[in-house]
Protein chains: 2
Amino acid sequence: MKEDNKQTLFQAIADVQRRRILEILKTGEQSVAEINDKLDISGATLSHHLTILKQADLVRVRRAGQKRIYTLNTSVLEQLLIMFKNLTGQSGE
Amino acid sequence: MKEDNKQTLFQAIADVQRRRILEILKTGEQSVAEINDKLDISGATLSHHLTILKQADLVRVRRAGQKRIYTLNTSVLEQLLIMFKNLTGQSGE
DNA sequence: TTTATATTTAGATTATCATCGAAATATCTA
DNA sequence: TAGATATTTCGATGATAATCTAAATATAAA
């Protein structure tokens, strides 16, 4: 993975709200409004965070009527875990 | 682990120079000057990054004459790996 | 004890980032 | 088509953060 993408990924998970969004999405795909119910930030701020997570390819979106449904992208999460192991030399076992 | 410490950890690894420092230390303990030889930043900036890594408890220091020798703190790296796995929902195997 | 070496601290600058309210866009429904 | 709902975009603001040079501190050597 290119260093730029790596940086985008590590940066994306550096924010506590974005990590919360990822954990919320772990429980299943959800609309923006549903995610927003579980956080204490404005819609504009949530939208901003979702943009960053999208850029990092950590989440995917699809439309459903007026709603937009966000899901986790597990393959990138796997890559992230591998990069972390490489970073630290931890085998994880 | 407290959310504050978690944030400190994720923040610490969000910077590319600090990740480089961790990778440099993977090859073994080193003095500040030795680390600096492998990076293209000023001594002051390196010192700043080392402070942040120390606060996150990702590295440890000991003195040896005028030098200060930095080492990785593997136990915190293990904890961080666990947090990564939790975040990503990946078993890692 | 003066000088050299190693590293940190101080202070300043510039850039990035999280956040908000308001406005814009897009879709659906009546 | 008009109004309601869902989400994003705009523009601004305050807070952090990365970086540098210069000065300070600490240790070692001459």
Side-chain angles (χ1 to χ4, degrees), chain A residues 3-25 28-73 87, chain B residues 3-25 28-73 87:
Chain A
E3 182 60 38
D4 266 6
N5 296 344
K6 199 169 167 178
Q7 178 59 20
T8 302
L9 266 175
F10 276 103
Q11 201 66 250
I13 60 164
D15 181 83
V16 63
Q17 306 290 5
R18 290 195 290 268
R19 287 197 305 277
R20 282 189 189 129
I21 293 169
L22 294 178
E23 296 200 343
I24 288 167
L25 290 176
E29 59 176 34
Q30 299 177 56
S31 71
V32 175
E34 285 172 323
I35 298 168
N36 212 358
D37 284 343
K38 294 158 188 155
L39 293 171
D40 196 30
I41 55 179
S42 74
T45 299
L46 174 54
S47 190
H48 164 72
H49 286 313
L50 288 171
T51 298
I52 288 169
L53 291 172
K54 264 184 292 184
Q55 280 165 356
D57 204 24
L58 282 163
V59 301
R60 293 274 168 78
V61 214
R62 66 182 160 80
R63 301 192 85 122
Q66 307 113 301
K67 299 184 179 177
R68 279 167 211 186
I69 309 295
Y70 280 80
T71 56
L72 280 187
N73 182 0
L87 173 66
Chain B
E3 182 60 39
D4 266 7
N5 296 344
K6 199 170 167 178
Q7 179 58 22
T8 301
L9 268 173
F10 276 102
Q11 201 66 251
I13 61 166
D15 182 84
V16 63
Q17 306 291 4
R18 290 194 291 267
R19 287 197 304 277
R20 284 192 188 126
I21 293 169
L22 293 177
E23 295 198 345
I24 288 167
L25 289 176
E29 59 176 34
Q30 299 176 57
S31 71
V32 174
E34 285 172 323
I35 298 168
N36 212 357
D37 283 343
K38 294 157 188 157
L39 294 171
D40 197 30
I41 55 181
S42 73
T45 298
L46 174 55
S47 189
H48 164 73
H49 285 313
L50 288 171
T51 298
I52 287 169
L53 291 172
K54 263 184 292 183
Q55 280 166 355
D57 205 23
L58 282 163
V59 300
R60 294 276 168 78
V61 214
R62 67 181 160 78
R63 301 194 83 122
Q66 307 112 302
K67 299 185 180 176
R68 278 166 210 187
I69 309 295
Y70 281 80
T71 56
L72 282 186
N73 180 1
L87 175 66

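All chains are named by letter (A, B, ...) in the order of the sequence lines, taking the proteins before the strands, and each is independently numbered beginning at 1. Computation of the quantities below employed the complete heavy-atom set of this structure, encompassing side-chain atoms and omitting hydrogens, waters and symmetry-equivalent molecules.
- Considering CG of L50(B) and CG of N36(B), their distance stands at 9.0 Å, rounded to 0.5 Å.
- Here the closest heavy-atom approach between residue L9(B) and residue A56(B) is recorded as CD2-O, 3.7 Å.
- Atom-to-atom distance recorded for R18(A):CZ and I24(A):CD1 is 14.0 Å, nearest 0.5 angstrom.
- Taking CD from Q17(A) and CD1 from I52(A), the interatomic distance works out to 11.5 Å, rounded to the nearest 0.5 Å.
- With rounding to whole Å, R19(B) atom CZ is found 14 Å from dA18(D) atom C1'.
- Within a heavy-atom distance below 4.0 Å of DNA chain C, no residue of residues 4-17 of chain B is found.
- Contacts between residues 30-43 of chain B and DNA chain C, counted as heavy-atom distances below 4.0 Å, involve S31(B), V32(B), A33(B), G43(B).
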In B/S/- notation, 5' to 3', how is nucleotides 24-30 of chain D contacted by protein heavy atoms closer than 4.0 Å?
--SBS--
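- Contact annotation: Y70(A) side-chain N/O to dA6(D) OP1/OP2 distance is not under 4.0 Å.
- Proximity of T45(A) to the phosphate of dC20(C): a side-chain N or O atom is located under 4.0 Å from OP1 or OP2.
- Here the CD-NZ distance, from E23(B) to K38(B), works out to 12.5 Å after rounding to the nearest 0.5 Å.
- For the residue pair A14(B) and Q11(A), the shortest heavy atom distance occurs at O-NE2, 3.7 Å.
- When all heavy atoms of L25(A) and Y70(A) are compared, the closest pair comes out as CD2-O, 3.4 Å.
- Considering every non-hydrogen atom in both R68(B) and V61(B), the closest pair reads CB-CG1, 3.8 Å.
- Of the residues in residues 51-60 of chain B, none has a non-hydrogen atom less than 4.0 angstrom from any atom of DNA chain C.
- For F10(B), the ring pair (Phe, Tyr, Trp, His ring centres under 6.0 Å) partners two or more places apart in sequence, or in a different chain, are F84(B).
- When all heavy atoms are compared, the tightest approach of D57(A) to N73(A) is O-ND2, 3.0 Å.
- Between the CG atom of L46(A) and the C1' atom of dC17(C) there is a distance of 16 Å, rounded to whole Å.
- One atom, NE2 of H48(A), and another, P of dA6(D), lie 23 Å apart when rounded to the nearest Å.
- With sequence neighbours excluded, the residues that form a salt bridge (charged side-chain N to carboxylate O under 4.0 Å, His left out) with R62(B) are E29(B).
- In this structure, CZ on R60(A) lies 7.5 Å from OG1 on T71(A), to the nearest 0.5 angstrom.
- For the pairing with L58(B), the side chain to side chain contact (heavy atoms under 4.5 Å, CB included) check across I13(B), T8(B), L72(B) returns one residue only, I13(B).
- Taking only side-chain nitrogens and oxygens, H49(B) comes nearer than 4.0 Å to OP1 or OP2 of dT19(D).
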